**Q** 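Take this structure, written in structure tokens, and hold onto it; I'll ask about it next.
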Amino acid sequence: MLYRENGQFKTSYRADLQIFPILQDRWTILALLAFAFLVVPSFASDYYFRAILIPFLIMALAALGVNILVGYCGQISLGSGAFMAVGAYGAYNFFVRIPDMPLVPALILGGLCATAFGIVFGLPSLRVKGLYLAVATLAAQFFADWMFLRIKWLVNDSPSGSVSVNGLQVFGLPIESGVSKYWFCLTVLCIVALLAKNLVRSAIGREWMAIRDMDVAAAVIGIRPVYAKLTAFAVSSFIVGMAGALWAFVYLGAWEPAAFNVDVSFRLLFMVIIGGLGSITGAFFGAAFIVVLPIFLNQFLPFAASLVGLSVSTEAASHAELMIFGALIVWFLIVEPHGLAKLWSTGKQKLRLWPFPH
Amino acid sequence: MAFFLETLIGGLMAGMLYALVALGFVLIFKASGVFNFAQGAMVLFAALAMARFSEWIPQWTGLSNKVLADMAAFVLAGALMFVVAWLVEKLVLRHLVNQEGATLLMATLGIAYFLEGMGQTLFGSSIYKIDIGMPKDPVFILENTFQGGILVNKEDLYAACIAAVLVAALSLFFQKTGTGRALRAVADDHQAAQSIGIPLARIWVIVWCVAGVVALVAGMIWGSKLGVQFSLATVALRALPVVILGGLTSVPGAIIGGLVIGVGEKLSEVYIGPLVGGGIEIWFAYVLALGFLLVRPQGLFGEKIIDRV
Amino acid sequence: MTDAEHLTAARRKVGEVILDVQNISLAFGGVKALTDISFDVREHEIRAIIGPNGAGKSSMLNCINGVYQPQQGSITFRGKTFKHMNSHQVAVMGVARTFQNLALFKGMSVLDNIMTGRNLRIKSNLFMQALRIGPAEREEMRHREFVEHIIDFLEIQAFRKTPVGQLPYGLQKRVDLGRALAMEPQVLLLDEPMAGMNVEEKQDMCRFVLDVNDEFGTTVVLIEHDMGVVMDISDRVVVLDYGKKIGDGTPDEVRNNPEVINAYLGTSD
Amino acid sequence: MQAKALLDVSGIEVIYNHVILVLKGVSLQVPEGGIVALLGGNGAGKTTTLRAVSNLLKGERGAVTKGSIELRGERIENLTPADLVERGVVQVMEGRHCFAHLTIEENLLTGAYTRKSKGEVAANLEKVYTYFPRLKTRRTSQAAYTSGGEQQMCAIGRALMANPSMVLLDEPSMGLAPQIVQEVFDIVKDLNAREKVTFLLAEQNTSMALKYSDYGYIMESGRVVMDGQAAELATNEDVKEFYLGMGGGERKSFRDVKSYKRRKRWLA
Amino acid sequence: QAKEQFFPLLSYRTGPYAPNGTPWANGKQDYLKMINARDGGINGVKLTFEECETGYATDRGVECYERLKGRPGMTLFDPQATGITFALTEKVDKDKIPLITLGYGLSVAQDGNAFKWNFPLMGSYWTGADILIQAIGKKEGGLDKLKGKKIALVYHDSPFGKEPIPLLQERERMHGFKLDLIPVTAPGVEQKAAWLQVRQLRPDYVLLWGWGVMNSTALKEAQATGYPRDKMYGVWWAGAEPDTKDVGEGAKGYNALALNTAGTQPKVIQDILKFVHDKGRGTGPKDEVGSVLYTRGVIIQALGVEAVRRAQERYGKGKVMTPEQVRWGLENLALDQKKLASLGLDQVMKPISTSCADHMGSTTARIETWDGKQWIVHPEYYTADEQIIKPMVKAGADKYLADKKLTRRAASDCAS
Ligand SMILES: Nc1ncnc2c1ncn2[C@@H]1O[C@H](COP(=O)(O)OP(=O)(O)OP(=O)(O)O)[C@@H](O)[C@H]1O
Ligand SMILES: Nc1ncnc2c1ncn2[C@@H]1O[C@H](COP(=O)(O)OP(=O)(O)OP(=O)(O)O)[C@@H](O)[C@H]1O
Ligand SMILES: [Mg+2]
Ligand SMILES: [Mg+2]
């Protein structure tokens, strides 16, 4: 019985209201943070930073944002790619138009642009629900795709519509190397995750969940659906917009609207579902699953095949990758329909009982 | 005027083609409450099968009659879709009874990935041809009334007729048979349906089969228009506004939705597009659907969304 | 009911009319759920609504708290008359409610469910909540303390952190009540709070309702099919039948009203 | 039990979600043509027991991990619910579960899914309508928009449409007006007497349940803690006190019991 | 340490563009295999490669780049997609790895003084568009005859499709034709509205700027709306077998730019067949060897190999070149007709010679026509008009440098 809360009595509500009320969790999280901030940079190669960790962190951030809207407030959205795009292009415009614009304020302003866009496209949610809303939010997606291709001003008159940024720095420190980019993304992610966690365990988070679970009952206890839904759209699109700006600035460096196409929207939705709706940790699991797993499979499959003496073409490997990825999604869902985060907590629950079966 | 009519007719035709894909979504949603994300992949898979079988069957059997070979390919592809349906039930749906919509949606995503990989592995990822003898050249009608006549695409006309027949048949099936009722019951509440003896397994195999055949027909027609290749899966995105505008649960809604969206997007592209630089039809279709939803949140013919304490 | 019991009832100072329902009519398409219903509820009393299935009892509550908009009639609450109210306004005025078909927030824990009942009273804004600095945290703690009292009161301490969806039906009903109580309502509308409970659990539930009524002076409007409960704890009873009011009065009056016997109680007992 | 058991549940354990152990070895027998009541407080595991029998656990992510369930001597743990309906076992689920989008009549007709003869189904429909006249007047409204009691009647009626030989009733009286409750139990008695339908009945309304059943089991925290002939149970002092609210013989007023707090239980 | 020159091969064999990406990738691989088999590598340096599937998606492309860029013997990247090119342009500058984008990518990157690491070899969208206008002018009997004519650009609604617009507008100003822009939303499976517009506008010519499924769909819609295919001119990415094969007779008469010839006669293709396919080591199906995109893949790889060879001439024969040395090689390519002939490439491409200022090296192309079964290349060569393109490239590059706060390369930098 390594993992349990027995014997940890809380003597005040403050203690019980901590993010991680269980001692072991607190230590784990501290260790994890130390690991991420200090240990990882000491052994990870540039490839890991640039190709895996950074996209993972940024997508986890975006998934976190989407999870607020979809997982906590129950408003299924397929417009996340658009919110990312608005965040990216918004930040870009502030960055290039205002001389000496520092990076962090540009990101935040980009996030705010996404907030405004999100609120506008969130208005239909006051009337349209569920899958109907999900499909309707695709309007935002396709509109944004179109807007950034068509409105020259938004791309600083670049004829082809592709834009780029360089010379990123924070407080005078250049954000160029893989490690510095990684630290920067990780810091942003940690701060946002903390704020998001605070929100979802506060009154506003409970309002979102109430609206999600039973909106009529929520209204009866005095929750205003308009306020709850629109704040969810606002907060979510702010975070997603920031993630979009990071994706563009830090990961891609140069991008075209297609970098935020409808595929991205779908992938974000998948991340939150497979990770676990309504769970901050779920966003991390989901991002890992959807971002990292295919890359892993892509490299692992030829290797695995070579072990058994087969040589597979890239083509066959990519097809097999699709199949295995699909099969894994299904398999995980069958094991735990509520996502990886739930699987995780069930695992912990078992650990609590361990070594006794019941 | 002539041009307006041309656009209108073109829009109607395009709408019917969308409806064909939309139908697949509606069927599965109606019968199991699952939003089938794999519909696009099923269209692709079925079309790939059909295209390759019609190539291979003459090689395998020495059959030289093209029509017969095509027919055999259709049947074989249909059988393959049956196998898919059976496996989907056996390996996926059966284990996810009574789960939430989001979970099921995600599972169909897994199925979509799997089918895409499988399809390309089995049948190749190049571009293939389905030629079922659809006429490609335009015809002109009302040449006396309008100078130059009005252009109608014959291929689309045929396709529209096929779509209409399919929809009519399916509507009848849903309205007139006890199975139709059972399907709706399953969509409402898996567990309750089980408790009164509706065999979910059989129902799901049936529905996925029918959806598979619809996908095959859609794949055949779109494939003959576009060539059979991966992009076929993306026609699903064009069909989504149709589905929600018509209502997720309504078979006739797919047709009406298709017509509205088809006409709306073509007219907008042709008449509004040039003013704003063009390329608006896809988001316009979605905005149009959204506009309808604001008036009727369940789509034109969808079942009312139940909202009660 | 014995005389002694009436005495207890009398000792609680039943006050002025707090809620007055006037000529409410409500129809859904062809179905007339309510026809011209009027009754009043006095401060601190326990007012029961009874009637056969489909009589319109739940619909009546829905009208009072703004879920349904009656086609006719008005509702006066503390002297103010409303034709239409939305649920939010009603909640702000201090009317809370439980539901017949459990309307708990399934994905949330018991604690969070009850905490939502406090939401109207939370003053800190989004940013303060995100940062959880001083005032926001203190506020959260204050409400938490209040909610803990409710949890103690309802004896569901053991399930504090359990997702409500996993609780047995009877406990869910209690959580539903807890959520309503967390609003510190002046009027509490209860829709079959004791359905699906055995006698002992009903006794517990009665105790909760009576305590709330006694200690906080909360006015209670109660729908219940168990005549034992209704007759024992309510001060006055309204009887509905197919949307019409067929009786109104003290339990004894109602019990002896031939129309009520005919429509609802039946002769066997 | 004297008569040959139609249903024999022996020592089953049920675990939800791989971790929550709910039934800890429940055994019970239902004789052919009997009415057996399953009593117990909230969360005792009555619903879970019924789900285990009708094989509806899977949808709740629960599983029977120990013990066996036999119907007419045949192991049924691996059958689908539909197979069970084919064998005549139908469950009325707790919490109604009507098909929200279907009308009342459609709900009832889906209940007859397993039956072939149109004529019999029509006759059966009429029979249900005579049992519950209220359903007839509401036959064309969507189930979601009917009152709680109407939905409960619909759920019961729907199960009867399958012409079952055994019915698992989960809290049939919940939310029904007293008259209708009476009626439901009369129907149970009637079907039992005339059509030899067997009933397993999970019920909170203990007095009613004991009045109409032959045999009773009392559950608590996932175990059967007492069983016996219904008449015996009804006179047992403990049962009287805890389940019938008649400690000391007389029924207490709900107003008076308010002061006494702790429950006495057989198990801690 | 074995002497190996490593070629990362970014490709897409799945996804919407797989039919086009696959032969391209096959050509690239087969050429490397052939050089190893025929010549034993470059002056004894073996060529190695690894393919990485991008699925045409930018983020996967970046991942592939990051995965492969650190390999020993790293040579250069050819991302095979415009979106990936954008993202990599930012990165190669820091990592100092050359990026070749033959016939695609950024048109302004022709200016080697501004874009040190980008090599849009053999043509950009501006040169392509320019040549198409010239060809149309020729057909009309002179560029001055274009006055009053209507030309519609049906384009893939993405940076790829929008690149030619500035040049076409420039030409529009010069010759007085009217340019209509008709975007097609990616991937281009539904073009009814676009072609209805074409029918309404009745342009004299349609320029088709598509990729993947968009091309065959456009041709089918043209057929369905009765627009004459011989009035249609496609870019070189709309002129390969996958674009027309399943349209067949319906595309007869359709023209497209030919950046290279196709067919199995050229010596280089024969060599590939002989040294690779006949040995059973071919990458794709044998009957696709020599198709348009396959041959383009061969040329891309050949230029990469020649850049290495050129660099070896300066930095030491038989040595493994660093990416920086390869860059010098790319910047100093001088493949004249004789050299091409010796490489067996003389029938598939024109001579090319690059310099510090000009990273393109050649701006010639021909026109090809689909005869219902195959592509027939017309003999005459067109060369893009320097007068028009030079200033545009300069202006674009200057704007790029200004936006980025960068300066042009010093003359001394060219020597290194
Ligand atoms: N799906 C589930 N997941 C986890 N736990 C469950 C689930 N369903 C029921 N339980 C737990 O199993 C126990 C028994 O529940 P069950 O519903 O069988 O009780 P019951 O006797 O029917 O109670 P009631 O009279 O309230 O209906 C309860 O403690 C409940 O929390
Ligand atoms: N939203 C609605 N749409 C249509 N009909 C409705 C709606 N709400 C209620 N009804 C109908 O109004 C009538 C009264 O319903 P209500 O729920 O008020 O009954 P009730 O008295 O609470 O019954 P029960 O004791 O069974 O809960 C019922 O016949 C019901 O079908
Ligand atoms: Mg009611
Ligand atoms: Mg129960």
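Just so you know, these numbers use all the heavy atoms, side chains as well, and skip hydrogens, waters and symmetry mates. All values reported here derive from a predicted model rather than from experimental measurement. Below, read A as the first sequence line, B as the second, and so on, with proteins coming before strands; counting in each chain starts at 1.
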**Q** What distance separates Ser164(A) OG from Glu90(E) CD, expressed to the nearest 0.5 Å?
**A** 4.0 Å

**Q** Any salt bridge linking Asp46(A) with Arg67(E)? Criterion: basic side-chain nitrogen under 4.0 Å from a carboxylate oxygen.
**A** no

**Q** Just verifying a value: how many Å separate Phe86(E) CZ and Ser158(A) OG, rounded to the nearest 0.5 Å?
**A** 7.5 Å

**Q** Taking NZ in Lys390(E) as the centre, count heavy atoms belonging to other residues, nucleotides or ligands within less than 6.0 Å. Is the count above 12?
**A** no

**Q** Can you name the closest pair of heavy atoms from Lys399(E) and Asn156(A) and give their distance?
**A** NZ-O, 3.4 Å

**Q** So which part of Tyr155(E) gets closer than 4.5 Å to some heavy atom of chain A, the side chain, the backbone, both or neither?
**A** side chain

**Q** Run the salt bridge (Lys or Arg N to Asp or Glu O under 4.0 Å) test on Glu321(A) and Arg60(E) for me, step by step, so that the C-alpha distance in whole Å, both residues' side-chain angles and the decisive distance to 0.1 Å come before the verdict.
**A** CA-CA 13 Å; Glu321(A) 174 196 324; Arg60(E) 286 299 288 271; 3.2 Å; yes

**Q** Between Lys405(E) and Gly167(A) (side chain of the first, backbone of the second, donor and acceptor by atom type, cut-off under 3.5 Å), is there such a pair?
**A** no

**Q** Starting at CD of Glu315(A), measure out to OG1 of Thr14(E) and round the result to the nearest 0.5 Å.
**A** 8.5 Å

**Q** Could you pull out the closest heavy-atom pair between Leu149(A) and Pro159(E), with the gap in Å?
**A** CD2-CD, 4.1 Å

**Q** Can you check whether Arg50(A) reaches Lys69(E) side chain to side chain, under 4.5 Å on heavy atoms?
**A** yes

**Q** Quick one: pull up CG in Asp145(A) and OG in Ser158(E) and give me the separation to the nearest 0.5 Å.
**A** 11.0 Å

**Q** Would a distance-only check, ignoring hydrogens and angles, find a side-chain to backbone donor-acceptor pair under 3.5 Å from Tyr251(A) to Asp59(E)?
**A** yes

**Q** Flag the pair Tyr47(A) / Glu63(E) as yes when at least one side-chain heavy-atom distance between them is below 4.5 Å, and no otherwise.
**A** yes

**Q** Among Asn261(A), Leu322(A), Val165(A), Asp157(A), which has the most heavy-atom pairs under 4.5 Å with chain E?
**A** Val165(A)

**Q** Where on Tyr48(A) is there a heavy atom nearer than 4.5 Å to chain E: the side chain, the backbone, both, or neither?
**A** neither

**Q** If we only count heavy atoms from C-beta on, is the Asn298(A) to Glu53(E) side-chain gap below 4.5 Å?
**A** yes

**Q** Under 6.0 Å from the NZ atom of Lys152(A), do we count more than 12 heavy atoms belonging to anything else shown?
**A** no

**Q** Give a yes or no on this: more than 12 heavy atoms of other residues, nucleotides or ligands lie within 6.0 Å of atom CZ of Phe43(A).
**A** yes

**Q** Would you compute the distance between atom CD of Gln299(A) and atom SG of Cys52(E) and round it to the nearest 0.5 angstrom?
**A** 7.5 Å

**Q** Any non-hydrogen side-chain atom of Leu252(A) less than 4.5 Å from a side-chain atom of Val62(E)?
**A** yes

**Q** Identify which part of Pro302(A) has an atom lying under 4.5 Å from any heavy atom of chain E, answering side chain, backbone, both or neither.
**A** neither

**Q** Does the distance from a Lys or Arg side-chain N to an Asp or Glu carboxylate O, for Arg150(A) and Asp157(E), drop under 4.0 Å?
**A** yes

**Q** Counting only non-hydrogen atoms closer than 4.5 Å, does Val291(A) touch chain E with its backbone (N, CA, C, O), its side chain (CB onward), both, or neither?
**A** neither

